Amino acid sequence: MAEPRILVLGAGPAGAAAAIGLRRLGYSVAVISEWRRFAAVEGVSQRVLEGLRHAGLVHAMASAAPPAPRRVHWNGDAHGVNQECLVDRPVFDAALREDLRRAGVELIEARVRSVESSAAGHRLYLEPGGVQHADFLVEARGRQAPLAAGRLRGPETVSLLNFWRQAPGVAASAVESLSDGWAWMARLADGRCYWQITLDVASAGLPPREQLPAYCAERRRHSALVAEIFGAAALQPAEVHARSSTAILFHDCGGANWLRVGDAAMAVDPLSGNGIFQSLSSALQAPAVINTLLRHPERAELALGFHQRRVEHLFLRFARTGRDFYALEQRWAAQPFWHKRSAWPDSEPMHAAVDASQVRVERLPVIRDGLIEEAEVVVTADQPLGIWHLQGVALAPLVRAVQDGRMLDELLLEQAPELRPMLRSWLVSQGLAVPRS
């Protein structure tokens, strides 16, 4: 049987991570992508950088600037206790391509004009020209991906990204809440400056597109934080790029010969600051899902269910994180922007309360040796998808033994001494054991 031809559409973090993961499994992979059409910068945490490293995107990780101060003005309070690493997206995108080349992934610079799909495969028509064929297709073009009918959509949101240059200075970033939205701003050391305002589409009352630069400049004029970070240069109209920031969870994230990853599967509100992280989260599991679909089609339902449930779980976690942060802003709680977002997607707590009666062992899909298969996992109120291992220790046998009445100290003697405190702590955290006095 000939090796399947796999095409990945999109060379962002999700597409790159999926492609490199597939190469690690021995597949031949090609990525089709065009370059980003506008300049942008993002702030990422050390957790994101570690995720990039784990995905094999070491050049992309290295392209991030050193940590810079990040100020937060929210609900009338000002904080400057944290940091973030600023990422210049054109530089970052070039580094992603370098990681792909070094991993042996073929890069095709083109825009996908249309796709014809069937059970037999996919036929892609490109611009400026050419046709590509694929046995399996990975959709990783983010919000530009077609078939955008969402299963769950958040309040319709728009972000206006402004860009200009001024004299070099100290790198910094900040976020501030406004009566009708919020703004994020960043100044790179070389003098490139970015300011983005995020607003509610229905209530923003935005002017025509040609008036957006002046509108944004006027909004900056009323911000003391903008004046501190940028100075007078920020008061002039700048280049503006408008884009949707609506949170969307897609209804179907996969089929027998295709899979959605990253923002093409779920696009989160930018307030979470986790855009790259969530893209990686869904993409890192994709190679095992695809490998299962190709090598063991009889497990298709298991593999696709695994992918869909984890995408949905991640989406709701990110959405609830944003909801809780929006709810902290009480000055304008009744205003349309804040009222909608402080109650969406639901009223469920971010973390479920500990309930020992809800801890149980089930057989659920897991990743083992690059494939999706069933295994015994521990399901808790806060981890409905199950936990398989903790530092390499299978939890199901341990939990079952504790629930059967075996003495914990006796059970822990069967584990390595250095692991015993961690395992005891986890069992205590689930209400399955009492802390030592």
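Computed from a prediction, not measured in an experiment: that's the story for all the values here. We number each residue from 1, following the sequence as shown.
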Between Arg111 and Glu127, is the salt bridge (Lys or Arg N to Asp or Glu O under 4.0 Å) condition met? List the steps.
CA-CA 5 Å; Arg111 186 177 80 84; Glu127 287 186 359; 2.9 Å; yes
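In this view, Asp324 and Met350 satisfy the side chain to side chain contact (heavy atoms under 4.5 Å, CB included) rule, not counting sequence neighbours. Tyr215 meets the ring pair (Phe, Tyr, Trp, His ring centres under 6.0 Å) test with no other residue; sequence neighbours excluded. For His241, the ring pair (Phe, Tyr, Trp, His ring centres under 6.0 Å) partners are Phe38, not counting sequence neighbours. Residues satisfying the salt bridge (Lys or Arg N to Asp or Glu O under 4.0 Å) criterion with Arg102, sequence neighbours excluded, are Glu98. Taking Arg363 as the reference, Glu374 meet the salt bridge (Lys or Arg N to Asp or Glu O under 4.0 Å) condition, with sequence neighbours excluded. For Asp180, the salt bridge (Lys or Arg N to Asp or Glu O under 4.0 Å) partners are Arg219, not counting sequence neighbours. Phe230 is linked by a ring pair (Phe, Tyr, Trp, His ring centres under 6.0 Å) to Trp164, counting only residues two or more places apart in sequence or in another chain. Considering only residues two or more places apart in sequence or on other chains, Phe92 meets the ring pair (Phe, Tyr, Trp, His ring centres under 6.0 Å) condition with none of them. Partners of Arg53 under the salt bridge (Lys or Arg N to Asp or Glu O under 4.0 Å) rule, at least two apart in sequence or in another chain, are Glu50.
Applying the salt bridge (charged side-chain N to carboxylate O under 4.0 Å, His left out) test to pairs two or more places apart or on separate chains, none has a residue in residues 236-255. Listed by first and then second residue, the ring-ring contact (aromatic ring centres under 6.0 Å, His included) pairs involving residues 109-142 amount to none (not counting sequence neighbours).
A side-chain N or O of Glu176 and one of Ser223 form a donor-acceptor pair less than 3.5 Å apart. A donor and an acceptor atom, one from each side chain of Arg317 and His313, are located under 3.5 Å apart.
Judged purely by atom type and a 3.5 angstrom limit, Arg323 uses its side chain to pair as donor or acceptor with the backbone of Asp346. Between the side chain of Asp135 and the main chain of Gly121, no donor-acceptor pair closer than 3.5 Å is present. Using a distance-only test at 3.5 Å, with no hydrogens or angles considered, no donor-acceptor pair links the side chain of Arg70 to the main chain of Glu84. Judged purely by atom type and a 3.5 angstrom limit, Arg187 uses its side chain to pair as donor or acceptor with the backbone of Ile229.
Salt bridge Arg295/Glu3: present, at least one basic N to carboxylate O contact under 4.0 Å.
Between Trp74 and Tyr326, the ring planes are tilted. Angles from 30° to 60° get that label.
A distance of 10.5 Å separates CG in Asp190 from CD in Gln166, rounded to the nearest 0.5 Å.
Taking the side chain as every heavy atom from C-beta outward, Leu52 and Asp99 never approach each other to under 4.5 Å.
Remark: of the listed residues His307, Glu312, Met266, His307 is the sole one forming a side chain to side chain contact (heavy atoms under 4.5 Å, CB included) with Cys253.
The two residues Ala134 and Leu124 make their nearest non-hydrogen contact at CB-CD1, 4.5 Å.
A cation-pi contact, defined as under 6.0 Å to the ring centre and within 45° of the axis, links Arg97 to Trp35.
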Donor-acceptor list for residues 13-23 side chains, cut-off 3.5 Å, not counting sequence neighbours:
residue: Arg23; atom: NE; partner: Ala103; partner atom: O; Å: 3.2
residue: Arg23; atom: NH1; partner: Tyr27; partner atom: O; Å: 2.8

